[in-house]
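Both backbone and side-chain heavy atoms feed into the values below; hydrogens, waters and symmetry mates do not. All values derive from a computational prediction rather than experimental measurement.
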Amino acid sequence: MSVRYGRLRMLVCAALALGGALAGDVAIADNWTVAAYICGDGDLARVAERYAEGLRVAAAANGWALRSQVDLPDGVTRQAVGSEGSETEWWRRGQINMCRREAVEDFLRWVRGRAVGDRLAFVVFGHGVAASGRTTERDRRYEAQGLALDASAGGDVLTPQELARAVAGAFGDAERPLDILVADCCYGASVEAAWSLRDAAEVMVGWPGRAPVAGVQWAGVQVRPVEGLSEAETLAMQCVELPRDGECKAAAVRLAALDGAIGALKDLSAALSGDMRSWCPGVTAARSQTQRFGPNGELCEVQGLCEALANGDGRALEEAERAAERLSAMGVGGLGCGLTVLMPMALEDVPAGYAGQAEGFGAASGWGRLIECYCGRLEQLLGRVTDNPEQEGGAG
């Protein structure tokens, strides 16, 4: 049954994983079209094939309509399967860059014209890049965060901004056309990514650190509604609570609540940046008390960081308390925020455009300026120690 787009709500499981993702039973009703955008080029090929097959099994078992595009080393396949499990459309072509905005938008437009029911799940699977531009390969560096990576296109990445533009291009002016966006990649659950995607989805789920290895076990998916939660929130809660073999659990947040949190973070950034000489020790202490991710530990769990700042050394900072409260309110099911924020100890872990992109989180929140002030102060202190032999010897 086709629906008028203006009333279409969507589930987008942007299942982007560096060899990993979510696993277990997921609650999705039988009125869903599942659209899978699987970036399985390079070393993810075998995992991607199993991932795609698991989706087919789940779609047939649950009566979903499945729309998929799978990128493997030997080319790209696009396929439509009806809710009864029969194939209705299929084509194959050579390699394309799956991480170009135009490619994602083209796929979403194709899906939009073939949507069945009043819910749509969009699954994107691939390697992830942290907000620092780093990956699990410590020596590899990119210019921006990525929610997928195309190996055959020179390692091009799909940035959160590009994904947001693709959604807007495919669905026009609809307000948050996606019910849920699951960034199922390593380092996808960041406040930087959430800010870029705030108008694309109602709920976002992702991994703040390294994602689990297996990927979503779609073949075992069952319908398990939870009282008091929307279907999207039910899925989000289950993603967070599933067993995992990675370094972290998933985060699930309501993106509409980010507007309130961003204002509090902006006030916090201004307060700290304005007196970094005094605040540098407190920021360092708070950072050490916060759960950290990334190759260099450059990603801090943002709500925990704000709570540590508010409580550190008995100096409750009003701006930090307010930011922690607003971030906690974003969490689905009372689980808290769980998103990370870039908070390194050296500017080498900050992409060149982090503070200067007008539409980016770093500029909108003032966090880019905060990082510059903090790292600059650390460098200044390190320079004093290095230049002073007595201090260097531990005179303290």
Next item on the list: Evaluate the criterion side-chain contact (heavy atoms from CB on, under 4.5 Å) for residue pair Asn311 and Gln289; output intermediate values, then yes/no.
Entry: CA-CA 11 Å; Asn311 297 322; Gln289 299 164 21; over 6 Å; no
Checklist line | Test log, rule side-chain contact (heavy atoms from CB on, under 4.5 Å), inputs Leu197 and Leu178 | finding: CA-CA 10 Å; Leu197 293 160; Leu178 317 178; over 6 Å; no
Next item on the list: Just do the side-chain contact (heavy atoms from CB on, under 4.5 Å) check on Val167 and Asp199 with the steps written out, would you?
Entry: CA-CA 9 Å; Val167 172; Asp199 294 327; over 6 Å; no
Checklist line | Worked check of side-chain contact (heavy atoms from CB on, under 4.5 Å) between Ile96 and Asp71 | finding: CA-CA 8 Å; Ile96 64 172; Asp71 183 20; 5.9 Å; no
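Considering CG of Leu255 and CZ of Arg176, their distance stands at 6.5 Å, rounded to 0.5 Å. If you take OG on Ser196 and CD on Gln145, they are separated by 8.0 Å, rounding to the nearest 0.5 Å. Phe171 contributes atom CZ, which lies 9.0 Å from atom CZ of Arg109 (distance to the nearest 0.5 angstrom). A distance of 4.5 Å separates CG of Leu370 from CE of Met343, quoted to the nearest 0.5 Å. From Cys186, atom SG reaches atom CG of Leu147 across 11.5 Å, with rounding to the nearest 0.5 Å. Rounded to the nearest 0.5 angstrom, Cys337 SG and Arg326 CZ are separated by 13.5 Å.
Residues Leu347 and Ile371 are in side-chain contact: their nearest non-hydrogen atoms beyond the backbone lie under 4.5 Å apart. Between Asp41 and Met98 there is no side-chain heavy-atom pair separated by less than 4.5 Å. Contact annotation: the side chain of Leu258 never approaches that of Val253 to less than 4.5 Å [non-hydrogen atoms, C-beta and beyond]. When side chains are defined from C-beta on, Glu162 does not count as touching Val104, because their heavy atoms never get closer than 4.5 Å. The side-chain heavy atoms of Thr33 and Arg114, taken from C-beta on, include no pair separated by under 4.5 Å. Here the side chains of Arg287 and Met345 are in contact, with some heavy-atom distance below 4.5 Å. Side-chain atoms of Tyr51 and Val70, non-hydrogen and from C-beta on, never get closer than 4.5 Å to each other. For the pair Ser68 and Leu55, the minimum side-chain heavy-atom distance is 4.5 Å or more.
Remark: the backbone N or O of Val76 is not paired with any side-chain donor or acceptor of Arg92 at under 3.5 angstrom. Between the side chain of Glu298 and the backbone N or O of Asn296, at least one donor-acceptor pair lies under 3.5 Å. With Trp367 contributing its side chain and Leu342 its backbone, the two residues share a donor-acceptor pair below 3.5 Å.
Atom CD of Glu175 has 12 or fewer heavy atoms from other residues, nucleotides or ligands within 6.0 Å. With a 6.0 Å radius and a threshold of 12 heavy atoms from other residues, nucleotides or ligands, Glu143 has its CD atom at or below the threshold. Heavy-atom neighbours of Arg369 CZ from other residues, nucleotides or ligands within 6.0 Å: at or below the threshold of 12.
Electrostatic pairing of Asp106 and Arg100 does not count as a salt bridge here, judged by no charged N lying under 4.0 Å from a carboxylate O.
Ring geometry for Phe107 versus Tyr37: interplanar angle of 30 to 60°, hence tilted.
Under the 3.5 Å distance criterion, with hydrogens and angles disregarded, a donor-acceptor pair is assigned to the side chains of Thr284 and Tyr374.
Trp207 and Val157 fall into different hydrophobic clusters, where Ile, Leu, Val, Met, Phe, Trp and Tyr residues are linked whenever their side-chain heavy atoms come under 4.5 Å apart, directly or through other members.
For the salt bridge (Lys or Arg N to Asp or Glu O under 4.0 Å) criterion with Arg165, the lone passing option out of Glu102, Glu359, Glu105 is Glu359.
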